[in-house]
Amino acid sequence: MSFTSTTIPYSTLSSLNNLTLHLPTSPPQSAQSIWLICIRGGAWCDPFITSACFDATIKHLLSSSPASHISGIASLNYRLSPYPSHPTDPSSPHDPARNAKHPDHITDVLTAILFLQDKYKFGDRYILIGHSCGATLAFQVAKKRYWGKQYESTEALELNVEPPLAIIGVEGIYDLPTFVSEYAHEPFYRGFVEHAFGRDEAVWKEASVADVDWEESWTDGREVVIVHSEDDKLVSLKQPERMWKALGERGWKDDEGAERRRRFVKLTGLDHDEVWEDGKALAGVIGEVIGRLT
Ligand SMILES: N[C@@H](CC(=O)c1ccccc1NC=O)C(=O)O
């Protein structure tokens, strides 16, 4: 399979409102073909993690047989929260790309998906993959809220993004209050959550994605895959286990034939970022999901 890659803006808000597109030179003809949309991690603030972080995963995926069912892949950048203590690239208070606060991140993600749905007309035929805080953002797409403390409307929500058929959460953060308390001994964790969401823990709870009435917000959802390495030294198995349990309580079933199914893929030997740096195991998981949806 041959694909061409370009990076294009999806809005003019900042230098980070862009996405990297990988398009097949000869698109699949089947109506069952599918898009992939990837959301990067980096604690809502790391300037050195970009849309290119999925390149190794995409390379492995494109050299496997499920690639023939892919109509396109997009990897999103979005505005980041302040990171004034970054050792080599601290954020400036004047940079619109580095002063985002919730709901800016999810608004950018929704704007990007809407841009793609408008242009390529794939509707709900896509898989959303998010790493770390990108997993939070992926499930926020399916949670479909008027984000923000006052539940104010956002342009992206009013324009109504169709949520995906499947979400793959990778080394994800799903519940902010329990995440911050698990790492209470590491001030960096509370710090980046406060930079992204502020200090009001009610906002953290509302932005979290573990306890959600998915029947109401995500009627088309067919599959959730929670991927987590037991050797992740930054985000322990507590977050994915919490999400997994919550999905079960909301009716997601373990058997492959179920209409709304959940899977847990436990990886070994890979640290938090090594899951995408290596990309092989992740490409295998994505290929299996493509196989079940095409
Ligand atoms: N790469 C970030 C750290 C980071 O991304 C992170 C650290 C701890 C727990 C979760 C993290 N990322 C989640 O998106 C940094 O170097 O500051």
Exercise for review: Measure from NZ or CZ of R40 to the centre of the six-membered ring of Y78, then state whether that distance is under 6.0 Å and the direction lies within 45° of the axis.
Suggested key: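 Positive - R40 is close enough to the ring of Y78 and near enough to its axis.
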
Review point. Checking R260 against W252: charged group under 6.0 Å from the ring centre and within 45 degrees of the axis?
Key: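 Here R260 passes the 6.0 Å and 45° test against W252.
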
Check this for me: does any side-chain nitrogen of one of [X] and [Y] sit under 4.0 Å from a carboxylate oxygen of the other?
X    : Y    : result
R261 : D255 : no
D211 : R242 : yes
E186 : K233 : no
E288 : R263 : yes
E215 : R250 : no
E249 : K245 : yes

Check your understanding: In the hydrophobic clustering that connects Ile, Leu, Val, Met, Phe, Trp and Tyr at side-chain heavy-atom distances below 4.5 Å, which members other than W276 occupy its cluster, ordered by chain and number?
Key ->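 Noted: W276 shares its cluster with I49.
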
Review point. In a check of side-chain hydrogen bond (donor to acceptor under 3.5 Å, both in side chains) between N77 and each of T50, N18, T20, N17, which one passes?
Key: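 The residue from T50, N18, T20, N17 that satisfies side-chain hydrogen bond (donor to acceptor under 3.5 Å, both in side chains) with N77 turns out to be N18.
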
Exercise for review: Would you mind telling me which of H105, R98, K101 makes a side-chain hydrogen bond (donor to acceptor under 3.5 Å, both in side chains) with S81?
Suggested key: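 Looking at H105, R98, K101, the match for S81 under the side-chain hydrogen bond (donor to acceptor under 3.5 Å, both in side chains) is H105.
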
Practice item. Quick one: closest heavy-atom pair of L61 and G287, and the distance? Key: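 Of all heavy-atom pairs spanning L61 and G287, the closest is CD1-N, 3.9 Å.
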
